[in-house]
There are 2 protein chains.
Amino acid sequence: MASDLLDRLREQQWRLSPQRRVVAEVLEGEHVHLTAEQVHELAQRRLPEISRATVYNTLNELVAMGEIAEVQVTDGAKRYDPNIGDTHDHLVCERCHTIRDVPSSGTRPTVPTRARAGFLVTGVDITYRGLCPDCARAARRKES
Amino acid sequence: MASDLLDRLREQQWRLSPQRRVVAEVLEGEHVHLTAEQVHELAQRRLPEISRATVYNTLNELVAMGEIAEVQVTDGAKRYDPNIGDTHDHLVCERCHTIRDVPSSGTRPTVPTRARAGFLVTGVDITYRGLCPDCARAARRKES
DNA sequence: TTTACTGCAAACCGTTTGCAGTTCC
DNA sequence: GGAACTGCAAACGGTTTGCAGTAAA
């Protein structure tokens with residue numbers, strides 16, 4: 001199965017180097033949202049010489065091209081979301097900071113016009129916070 | 001008018017130094033969400049010798065005590081939200097990164113149980129993204 | 001061949017920390 | 001008096017950048 005992402009990038013006359021290919025492949029293969037560091041690690045498994053700088057550069061370009069999205073839901077590192085096809089919300093673990101996609105619930109909230117204060121609203125992000133199964137289990141064990 | 005925040009802090013036997021008082025006062029006076037740097041700047045206007053480290057320490061303590069909340073909605077610096085009384089959502093400008101509170105809309109979205117993937121969900125954050133009045137005006141001017 | 005990407009290392013920004021000195025209770 | 005706070009400066013983690021070399025088209 002050919003990579004949709006790579007196909008799209010080729011169409012946009014993106015100069016395709018081994019490094020960029022590997023970054024794109026890593027992102028496509030993953031269903032969780034990786035940090036730049038994690039992308040670098042996985043990319044190095046396939047292409048040991050790839051540098052951190054190149055990973056960062058590539059991620060930023062992909063974001064600029066609208067092919068992936070940055071997600072900043074917790075302290076620390078940004079995460080990269082390759083799933084930009086349809087809108088979805090995020091479920092984030094307050095303890096281990098894992099992020100999981102959830103299909104967006106039917107009705108999207110909107111700002112009451114009165115409260116809009118002159119803002120031009122273009123989108124809504126919904127982030128559910130809580131504990132992932134593993135961390136919930138660990139927390140339960142600790143408090144007993 | 002005495003400070004509610006300071007009153008509450010005194011009750012919690014919080015050691016009250018000039019530096020801490022000034023940080024608390026700066027936060028209370030503001031209705032927008034400041035970065036640590038901005039808090040430092042405003043605090044310095046009243047107490048020139050106050051150090052960055054102390055501002056950071058104090059902000060972190062206030063967060064730990066549950067008196068203010070950290071808000072991380074964009075790249076860059078965390079912002080501090082003194083308005084923890086009742087739940088509210090945020091309106092953030094994609095261009096200048098200003099944050100404004102909006103009273104939360106009636107119904108809060110929830111994760112369909114099926115999609116919960118074993119997570120223990122404890123809260124929802126809703127962030128509206130767009131352009132603040134000033135930036136919307138600037139954008140309109142530019143594109144014409 | 002030319003333009004643009006890569007790698008390195010140094011710089012950067014926001015934040016945290018260790019420590020010596022000082023202050024609040 | 002003693003625990004707890006302050007300021008400084010150095011360290012930190014994540015990310016960006018300048019530049020010389022290299023490779024895609």
Side-chain angles (χ1 to χ4, degrees), chain A residues 6 9-27 33-44 46-65 67-81 96-97 99, chain B residues 6 9-27 33-44 46-65 67-81 96-97 99:
Chain A
L6 284 175
L9 294 173
R10 252 185 296 266
E11 272 164 33
Q12 303 191 24
Q13 70 240 80
W14 200 49
R15 197 129 149 186
L16 201 42
S17 66
Q19 293 82 337
R20 289 177 166 194
R21 161 179 281 106
V22 164
V23 169
E25 285 171 357
V26 163
L27 286 170
H33 302 345
L34 304 170
T35 62
E37 228 354 90
Q38 293 172 320
V39 173
H40 183 219
E41 242 174 72
L42 293 174
Q44 275 190 316
R46 299 166 172 230
L47 194 66
E49 329 79 345
I50 193 172
S51 74
R52 224 184 301 283
T54 296
V55 171
Y56 276 105
N57 287 340
T58 305
L59 289 172
N60 285 339
E61 281 173 63
L62 290 171
V63 170
M65 289 191 254
E67 292 294 343
I68 63 176
E70 277 181 7
V71 185
Q72 172 99 61
V73 274
T74 21
D75 294 9
K78 289 174 203 160
R79 296 175 177 261
Y80 292 89
D81 183 350
C96 71
H97 301 152
I99 302 178
Chain B
L6 284 174
L9 295 173
R10 253 185 297 265
E11 271 164 34
Q12 303 190 25
Q13 71 239 79
W14 199 48
R15 195 130 150 189
L16 200 43
S17 66
Q19 292 83 337
R20 289 177 165 195
R21 162 179 280 107
V22 164
V23 169
E25 285 172 356
V26 163
L27 286 170
H33 303 345
L34 304 170
T35 62
E37 224 359 85
Q38 293 172 320
V39 173
H40 183 218
E41 239 173 73
L42 292 175
Q44 275 190 317
R46 300 165 173 231
L47 194 66
E49 329 79 346
I50 193 172
S51 74
R52 226 182 302 279
T54 296
V55 170
Y56 276 104
N57 287 340
T58 305
L59 289 173
N60 285 338
E61 282 173 62
L62 290 172
V63 170
M65 289 191 255
E67 291 295 343
I68 63 176
E70 276 181 8
V71 185
Q72 173 101 58
V73 275
T74 20
D75 295 7
K78 287 176 205 159
R79 296 176 177 261
Y80 293 89
D81 183 350
C96 72
H97 301 153
I99 302 178

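Numbers restart at 1 for each chain; the letters A, B, ... are given by sequence-line order, proteins then strands. Just so you know, these numbers come straight off a predicted model, no measurement behind them.
Between the side chain of A:Arg15 and the base of D:dA24, at least one donor-acceptor pair of N or O atoms lies under 3.5 Å.
Scanning residues 54-63 of chain A for heavy-atom distances under 4.0 Å to DNA chain C yields A:Thr54.
Between A:Trp14 and B:Tyr80, the residue anchored nearer the 5' end of DNA chain C, judged by the nucleotide with its closest heavy atom, is A:Trp14. Looking at which nucleotide of DNA chain C each of B:Leu16 and B:Ala36 is closest to, the 5′-most match is held by B:Ala36.
Looking at B:Gln19 and B:Thr58, their side chains never come closer than 4.5 Å, going by heavy atoms from C-beta outward.
For the atom pair NE2 (B:His33) and CD1 (B:Ile68), the distance works out to 11.0 Å, reported to the nearest 0.5 Å. Interatomic distance, CD of A:Glu70 versus CG of A:Leu59, reported as 9.0 Å (0.5 Å rounding). Here the straight-line distance linking atom CZ of A:Arg10 with atom CZ of A:Arg21 works out to 6.5 Å at 0.5 Å rounding.
Only one option out of B:Leu62, B:Val22, B:Asp81 pairs with B:Leu27 in a side-chain contact (heavy atoms from CB on, under 4.5 Å); it is B:Leu62. A side-chain contact (heavy atoms from CB on, under 4.5 Å) with A:Val55 is found for one member of A:Gln38, A:His40, A:Arg20 and no other, namely A:His40.
Distance A:Arg10 CZ to D:dA24 P: 14 Å, rounded to the nearest Å.
Axis angle across the helix from C:dT1-D:dA25 to C:dC25-D:dG1, with five pairs used at each end and values rounded to 10°: 30°.
Within 4.0 Å of B:Glu49, counting heavy atoms only, lie sugar-phosphate atoms of the nucleic acid but no base atom. If you check every strand for non-hydrogen atoms under 4.0 Å, A:Ala77 touches sugar and phosphate atoms only.
Between A:Lys78 and D:dG13, a side-chain N or O to OP1/OP2 separation shorter than 4.0 Å is absent. Within the structure, a side-chain polar atom (N or O) of B:Arg20 is placed less than 4.0 Å from OP1 or OP2 of D:dT6.
Along DNA chain C, read 5' to 3', the first and last nucleotides having any atom under 4.0 Å from a heavy atom of chain B are C:dG14 to C:dC25.
Heavy-atom neighbours of A:Gln13 CD from other residues, nucleotides or ligands within 6.0 Å: at or below the threshold of 12.
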